[in-house]
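Per chain, numbering begins at 1; letters A, B, ... match sequence-line order.
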Amino acid sequence: MMAAADKGEAAMAQLRNADPALFLSPSADLAAAAREASQHIYSSLVTFSPAQPPPLPSLLAGPAFDAEQIWSQIELLARPLLPHLRRQLRRLEQQPPSQPQAAPRVESPAGAEEEQSEEDEEDSELEELKEEEEELEDSDDEDEMAEDDEEDEEELEDKGGNGVEDKFLKTKHLEEFLEQAEEEEYGGGAKRGEKKAKKNWMEEDSDDDDEGMEDDEDDEEDEDELDLEDFEDDEEEDEGKTGGDIMYKDFFEKESKQVKSRDSSMKKVQSRLKDMKMILMAVKMMMMMVMMMMMMMSEQDEQGLSTYEKERLKKRAEIEQMEKAVLEPSTWTMQGEVTASRRPKNSALEVDLDFEHNVRPAPIITEEVTASLEEMIKKRIAEGHYDDVEKPALLPTKAPKERKEMDESKSKKGLAELYEEDYAQKTGLAPAPLSISDELKKEANALFKRICLKLDALSHFHFAPKPVIEDMSIQANVPALAMEEIAPVAVSDAAMLAPEEIFDGKGDIKEDAELTQAERKRRRANKKRKYAESHKERPTKLQKDA
Amino acid sequence: MEVDRATTAAAAGGSSSSGAMAVDQASRRVEKPLFDALMPSEMSGGRPQFRKVAVPQHRFAPLKRCWMEIYTPVYEHMKVDIRMNLKARRVELKTRQDTPDVSNLQKCADFVHAFMLGFDIADAVALLRLDDLYVDSFEIKDVKTLRGEHLSRAIGRLSGKGGKTKFAIENSTRTRIVIADTKIHILGSFVNIKVARDSLCSLILGSPAGKVYSKLRAVSARLAERY
C-alpha cells in the first residue's frame, strides 16, 4: 500500500516537474506516470465516495486499458462524489461551527454568517455557492499569496477601514488578476458570459456539473499548463463574479460575515476547506491526466520513429485514403453524362437536379390578367394603334423600263417608211415619236379635262361650255326618224321604217323559184353585161402604158 | 471631159509602153496614175447591162395592178429602164446612159424579185433605199421534215391566228416575212433576218407562240437598245 502510494506520489511529482513541451509528443514514460498518478488519486478518493462499498474499489489502469475505459471508471467514481461533496459543504455552512471536529470535515463553520445572509436576502442557493467559492478562493489566496495579503491588509489598516475594506481590495485585486489571465487564455469574455448565463437559470447540481464539464473543457484545451490558477479561474468564472456583476451586498455584507467567520474559527475552516479543495483539485487533475493519457496511448506504437517519419506516415495514410477514394468509381452524380441504365432506379428523384428551363413557364391566366389584356385591347382600338405589318414602300431604283407592246397586227407603215423614220429621228429632221407613256399621258389628260368640265358645270356661277371640236365622225346609216323620233318603246325599229327603206327596187319582184327559163337567162345576161363594163377599163390601161 | 478621158484611156491602152518609159525617165519622182470611176455605161465595153426577172403565175395580176408603183421609183429614181415582157412573162431591166451607179441595176432587180416573191411594194422599196437589206429564203423541210397534217399545222403555227404571230415577229424584228406554202422569205437587215429566222424555226419545230414571244421580246429589246 505504502509502496503504491509512494509510487503514485512519485508519478505525480514526475508529471508536475516534466517540461510542458514533452506532453506534445507521445512518450511512454509520461503515459505510465499518468496511469500511476491516476491510480493513486483514485485510491485516495475512493474512500469518500457516497456509495460504500464503492462499485470499483481500485482504478484499473493497466497498459491494456484504453483511455476511454479509464475515463469511464473515473467518471463512475466522480459522478456521485462531486455533488456529495458539495452537499457536505453546504451542510458545513449551515451547521453551527461549534462542532467542527465531530462533524465531517467538509462542514463549513461559516454557517451563522450564511444564515444571516439568507435571512437578509432570501436569495437562491446560487449566492451561497458563490460565497463558498469565494471563501475557498480567499483561502487559496491566503495560502499562496500570503505576503500580498498581508500587504493589502496593512494598506487597508492604514486607511483606517474595517476588515471590510481589506476584503474589498483583496477580492478586487484578485478578480482583476484572474480576468487578465482569462483574457490571455480565452481571448475575451464570451465564455464567461455563457457560463454566467448558465449559472443564472440552472440549479445547483447542474451548475456543479457544468462547472465540472467546463473545467474539463479547460483542461482539454490547456493540457500543457498545470497551473493552479486555471482552477481558480474556473471557480472565478463559475461564480460569475466579474467586475460588472459584483453587487454592494456581496461585498460589504459578506465581508462582514467573512470577517466574523475568520474571527471565529478561521483555522479550522481553513483546514477543512483546504481538504475539500484538495479533493476537488485531485478529481480535476485526475480527469486531466486521463485526457493526457488518451493522447499518449493512442500513439504508443510509434514511439521509435522521429517526428518527420511520423508525419510522413500520417501523410502516407492520408494519401492512400485519397487514392482509394479516387480510384473507386464515384457516385453517379459525379460521372458526367449518365443514362438511366447507369444509375440506380429512381435515384434522380432523390437528387436535386439543377438544369436550365429554356421554356418560359406558362402564364397563369387569372381574371385580372384577362381584364388587363382587354383594357389594353380597348385602348389600342380607341387610339388606332395597331401592330400590323406594313409593307415598306419600295423606292424605284431606276425608271420603269418602257416595254414596247408586241403589236400583233399588220404594221401600217412599210419597211421603207420605218427606216425612213428612223433615219429622220437620228438626223433630227423629224421629232421623236410618241412613246407609250406619252400616249398614256395623253389619255390621262383627256380624261382629266372631261372631269374638270363636269366640275366646272357644277360649281361655276358663270359657266362657259367647252368649245366644240369638229371631229370626223361616222354617221350610222340609220333612218332619220330613228335619230329624232320619240316613239313608244313597244314599237320596234322594223315597224318604224318606211317601205322604201325596207326595199328598194322596181318592177315585179319574183323569187328565183318563180322565174321562168327565159327570165333567168335575161338576168344572167344583164349580170355579164355589167361585169364586162366594169372590167373593160383595165386592159386598156395596161396596154397604154406599155 | 468624158471624151478626153476616153481618148486618154485609148491612148493609155495603146501606148502603155510610152507611159512606162515616161515613168522610167522620171525615175526619181513616181506619179501614180489617177483614173476616175467608170460609169456603168462604160463598163463592159460601153454596152448596157440587162437583168431579167421571171414573173410567177400568181404574181401576174398583182404585177399588173402595181405596175406604176414599180415603174416610178425604178425609172425615175434609179434611172434604170424597166419593161414587162408579157410573152416571156418577164420583167426586164436595162441600164441607161445616165444611170449613176453600177449597183442601181442590181438593186432594181432585187426590188422586182422581192415583189415577185410576194412582198409589198412599200416593203420592197426599202431594198432600193438601203444597201444592207437582204432577202433570205428557206423551206420548212430544211428545218424539219414534216408531212401532211403536221406540215399544215406547222404552217398554221407560223402565221398564227389571223397572221398575228407573223406580224408579231415582223414588228418586233423589223423584217417582212412572206410564207408561201412551204417556202418562207424574210426581208430585212442581216441581224434581224437571223432573229426572225430563229423564231420561225422554233415555231416550225413546235414551240408554242408564247415562248417565241418571250424570246422575241428579250431579243428585240436588246436590238432596240443597240441602235
[X] atom [atom1], neighbour heavy-atom count above 12 within 6.0 Å:
X: B:Phe60; atom1: CZ; answer: yes
X: A:Tyr531; atom1: OH; answer: no
X: B:Gln97; atom1: CD; answer: no
X: A:Asn526; atom1: CG; answer: yes
X: A:Glu383; atom1: CD; answer: yes
X: B:His185; atom1: NE2; answer: yes
X: B:Arg153; atom1: CZ; answer: yes

Heavy-atom contact with chain A under 4.5 Å, split by part of [X]:
X: B:Tyr71; answer: neither
X: B:Arg129; answer: side chain
X: B:Thr175; answer: backbone

Rounded to the nearest 0.5 Å, how far apart are [atom1] of [X] and [atom2] of [Y]?
X: B:Asp123; Y: A:Lys413; atom1: CG; atom2: NZ; result: 13.5 Å
X: A:Glu408; Y: B:Phe167; atom1: CD; atom2: CZ; result: 10.5 Å
X: A:Leu418; Y: B:Arg176; atom1: CG; atom2: CZ; result: 5.5 Å

Completion exercise
For A:Ala416 and B:Ala122, the nearest pair of non-hydrogen atoms, with its separation, is CB-O, 3.4 Å

Completion exercise
Scanning both residues in full, the closest heavy-atom pair of A:Ser411 with B:Asn171 reads CB-OD1, 3.2 Å

Handout entry: Greatest number of heavy atom pairs closer than 4.5 Å to chain A - which of B:Leu127, B:Thr165, B:Leu133
Key = B:Leu133

